[in-house]
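Please read the structure below before turning to the comments.
A note on names: the letters A, B, ... follow the listed sequences, proteins ahead of strands, and every chain is numbered from 1. This structure is a prediction, so every number in the text was calculated from the model and none was measured.
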Amino acid sequence: MTTRRPIHLEALTIQFDERFQLNNINWQIEPEQHWVITGTNGAGKSALAAVLAGAGERVSGSLSGLPARVGVVSFEAQAELIEAERKKDDADILDVISEGTPVHEMLFKDCADPATARDLVARFKLEYLLDRAFRKLSTGESRKVMLIRALSSNPELLVLDEPFDGLDVDTLSMLQAYLATLIETVPMVLVLNRFDEFPDFITDIAYVNQGELQLQVKRDDPKAYAELYQLLHLKTTQLAVPPADPETAIPALDPAQPLVHLNGVSIKYDDKALFSDLDWTINPNQHWQLSGPNGSGKTGLLSLITGDHPQCYVNDIFVFGFKRGSGESIWQIKQFIGYVSSALQWEYRVGTSLRNVIISGFYDSIGLYSKYSDRQRQIADQWLALLGMSHRADQPFNKLSYGDQRLLLIARAMVKHPPLLILDEPCLGLDDMNRQLVLALIEKICAGTETAVIYVNHHPEDRIEGIENYLALNAPTPTQ
Amino acid sequence: MPNNYFNTLPLREQLEQLAKCRFMDISEFSDGVSALKGKKMVIIGCGAQGLNQGLNLRDSGLDVSYALRQAAITEKRQSWKNASENGFTVGTYEELVPTADIVLNLTPDKQHTSVVTAVMPLMKQGACLSYSHGFNIVEEGMKVREDLTVIMVAPKCPGSEVRAEYVRGFGVPTLIAVHEDNDPKGEGLALAKAYAVGTGGHKAGVLMSSFIAEVKSDLMGEQTILCGMLQTGSLLCFDKMIEEGVDAGYASKLIQFGWETVTEALKYGGVTNMLDRLSNPAKIKAFDLSEELKVIMRPLYNKHQDDIIDGTFSRTMMEDWANDDKNLLGWRAETAETAFEKTPAGDVEISEQEYFDHGILMVAMVKAGVELAFETMTAAGIVADSAYYESLHETPLIANTIARKKLYEMNATISDTAEYGCYLYNHACLPLLADFMKGIKTDVIGRGLPVDDNGVDNARLIEVNTALRSHPVEAIGAVLRGHMADMKKIV
C-alpha cells in the first residue's frame, strides 16, 4: 500500500452542465478520516462526491491528492452501466436476443482482488444470480453488484453515494459492518441523507447547500452534530407552518389601511434626538429591511411600533387601527405583532417548557400565565415537530442552546400568524450553523403565511430574498 | 399631634380589621379597567413606584399624569425627569390635582402627611385618594375629607419589578383595601380592582385586605424577618467566619449572595424546599439551630409585634422624624462601617449548592425568622395569607437587594420606615444572639459539615421532615404559590 496523502480542494469551482456548478469548495480529506456528505435534494451532494471520482469541469481553484484508484458507487454510475448494457442490446443488428453481460463477468473480469469479490458475493448472497445478465437485475441487486465491484477494485478511496438505498435491513447491517473493517485501509466518503444511517466510523460530516460546502462538522462534537441534524430536518421536512388558532384569532384589520403609519416621529433624551421627523408607512404583506449602524435607533424605532417605548405616547403613531394614546392598551397592539430580538431572548430566561414558550406567543407574554386550550397545545406541538424538537417538548427553555432558543422564539412569534413580524437582528450572536437554521425557518415562514416582515440588520448590503423595501437610519450625530 | 387611628377603634373592630384578608378570584376582575376608563389619574411622586405604576396604567389604556411640587419642576429634579422623559404630562399640584378623578399618592410614607394636607383641599368633590401604604391613615390618623373615597393598592414588590412583570404579560401580587370611613359612594372596591388590573396585579393574585391589616403586617414583616434578620444574620455570620479564620473575601461573598441563593429555593418551594436542598445531616443541623434560634428570638418578635400593634413603634419613629432623623442617620452610618459592609466579595467561585452546604446557619436563620414572623403575626390576629406575603414571600426580594450591593443597597431600597425598624431589630438581636454565636463553628457557616459520613438516624430524619412540612406557613404557601401559574427566575 502506498503512503496516503490528504485530498485537498482549494477554492474549487466546478461546472457540471449549464445548470449546475459547485462554487468555491474548500475541503481537506485526511487519510484517516471518513466523511459523510449530506444536504437537501439538489444541494450538490452527489456532485461533490462525483468530483472525487473525476467528474465535472474545473473553472477555478485547485484539486490535489486524488488517488488513481477510486471505487465509486452511485445512482449515476449505476445508470450509466445499465445504459451501456442496454446500448449493447440495441446495437445488436442480429435478430438474436442478447442476454447482455452476465454478472460473473461484470464482477471477475479485470478484477483486482478476486478473493474479496468472492467473499462479498457470499456475504451478499448473490451466488444464485452470477449467471444472470446484469441488465436483468433489480435495482437492489445491481446496486449490490456495483458495491462488490467498487470494493474489490483495491481502491485507495471509496466514494459511495447513497450506498444503503434499497438494501434490506440485514444486508444494510452486513454492509455497514463490512465497511467498518476497511477503515484502517481506505478513506471513505459517503453521501447519505438519513442521520440514522451514518455508520459509527464516520469522523466528519460535510453539509452542502446551493452548490456550496457550507458546514463541516466533527462527529465527536455532539452539539454541532445535533444542530446539523435539526438543520437537515428543517430543510427536508414536508411539514408546513402550522395554522393559527381559530378560537383566539386576531381581529380582522381593514386591508385598505396601512398596518403602521409613523408621522414625523422622534425619540429624544435630554433634548438630544436619537432620530427625528421620521415618516414610515408599512402596508399589509409588505416586507421591509431596516438597517443602520449601531446607535442609529433601529430598536428604538421598532419599540415605538410595538409600544415598548414610553415616548410612543408623545408621537403621532397609528398602528393596527389605533391612534396611540387614545385609550388603547398595549395588549391590543401587541396582539398584531410577532417580535424576536436578542433583547427578548435575554428577557425570556424562564425555566418553563419548550411547549409553553410557544404557547405563550398566543398571549404575548414572557412565560405562560394563562390556561391554554387543547387546540393551542396541538398547534405548539406541530411547531415543535416542524423544528425537529418534538422529543424535547417538556424540557426547560433556559437549558436550550442559544440558537435553539432563537428558533423557538421565532416559532413563538409566529404561532398566532400576526399581520406583522419583526425580526430584530435574528441572526445576531449565532454561529454559521444556527444562522443557517434561523434562515431556513424564516424562509419557511415567508413561504407559507401572509405576514409582513420587518427584518433588521445593521449591514444594508446583507439583503434577504423577497424583501423589496428598505429603510436606512443614519449614524447618530454627536451633537444636537 | 398624630392620633393613632387603630387605637381609637374598639377591640371588636380592631380584631375584625386585622383579620381582613381574602385571596380574590380572577373572575372578580372581569370588568378590567372599565371603572377607571376615561377618568383622570394624577400621580403624586415620581420615584420607582410612582413612575412604574404610571407606565403600567398608561399601557393599560388609562389617562395618567404627574403632579409634582413646583420646586421639583423648576429645578428639573429626577422626579420631573422621570415623568417628562417618559412622555407624561407633568404639572404642579395646583394645575393637575383639581382635574383629577383619582389622586394616587405614591410618595414615601414620611411625606404623606404633608402631601395629603397639601393635596386634599385641591381635590374635586367626590374624587378618590389612593395610597400604596396605610401608615398615614392608620398610624398618623390622617382624617380625609368626607366626600373623598380612600383606597389602597399596594403591589408587593419594588417598583422596577412592578414594571418588569407587567411587560412580561404578568404582574406582581397586590394588596387592595378600602378605608371604610371614606367610601361615601360605595365605589372604593370597584376603583381599587380596576387599578390592580391596570398595574397587572390581578394576574399574579390580589389580596383583599384592610388598611389596618396591611400596616400592622407590613411593619412586622419588614423589620423582623425581611430586613432585620438578614442584617443581623449578615453581621454575625461574617464576624464569626473571620474569627474562625475563613478568608474574608470568601466570607463576604458567601453572605452577600448566599441569602439570595437560599431564599430562591424558599420562593419555589417554601421552607421545606430550602431545607431539602441540604444533605440529611445538614438539614437536621439546620433544623436544630433554627429551633434554638426561635426560642431565643421569640420574645423579640413578640415585642416588635406588640409595639407595632399598640403604636409604640410608630410613635417613637415619628419622634425621630421630628428630631431630624437623628437615630436613623446615626444607625445608617454605623451600618456602613461594619466589617461585612467594608469587605468586598472575593473573586472566588461558589457553586449554587455550596451556598447551602456552607451556609447552614444562614438557612437556619431564614427558617427561624420566617416561621417566627408568621407565627407572631397570626397570633396577633393577622390572617395567614397576609402573614405569608409579609414574611416568606418578600424574603427573596429583599435578599436580592443584598446581593446587589450588600446592606447599603437593601437599606437604600426599602422605605425609611422599614429601615428604622430594621435597625431597631438589629440592635436588640445582636446582643440577644451573642451567647448562641459562641457555640457556632465553621461547620455550619463557612466550611460545611465534614463529608466523611452522610448517615442519619431514620426516626430523627422523619421527625424533622414532618415538622418542616406541617408548619402552617407551608400549608398557606402551597396554596398561594399555586396561584402563581409560572414561577420564574428574577435575576
Compile the donor-acceptor pairs under 3.5 Å between side chains in residues 193-202 of chain B and protein atoms, sequence neighbours left out, one pair per line.
from     : atom 1 : to       : atom 2 : distance (Å)
B/Lys193 : NZ     : B/Glu28  : O      : 3.0
B/Tyr195 : OH     : B/Gln53  : OE1    : 2.5
B/Thr199 : OG1    : B/Tyr195 : O      : 3.4
B/Thr199 : OG1    : B/Ala196 : O      : 3.1

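- One distance of note links CD1 of A/Ile282 with CD1 of A/Ile305; it measures 4.5 Å at 0.5 Å rounding.
- Among residues 404-411 of chain A, no residue has any heavy atom closer than 4.5 Å to a heavy atom of chain B.
- Neither the backbone nor the side chain of B/Lys76 comes within contact range of chain A, judged by heavy atoms closer than 4.5 Å.
- The contact between B/Leu55 and chain A is made entirely by side chain atoms (from C-beta outward), counting heavy-atom distances below 4.5 Å.
- With a 4.5 angstrom heavy-atom cutoff, B/Asn86 touches chain A via backbone and side-chain atoms both.
- For the residue pair A/Arg324/A/Asn315, the side-chain donor-acceptor check at 3.5 Å is not satisfied.
- A donor-acceptor contact shorter than 3.5 Å is absent between the side chain of A/Asn356 and the backbone of A/Thr352.
- The distance between the ring centers of A/Phe397 and A/Tyr348 falls below 6.0 angstrom.
- For B/Trp80 and B/Phe88, the distance between ring centers is not under 6.0 angstrom.
- We find the OG-OH distance between A/Ser303 and A/Tyr339 to be 7.0 Å, quoted to the nearest 0.5 Å.
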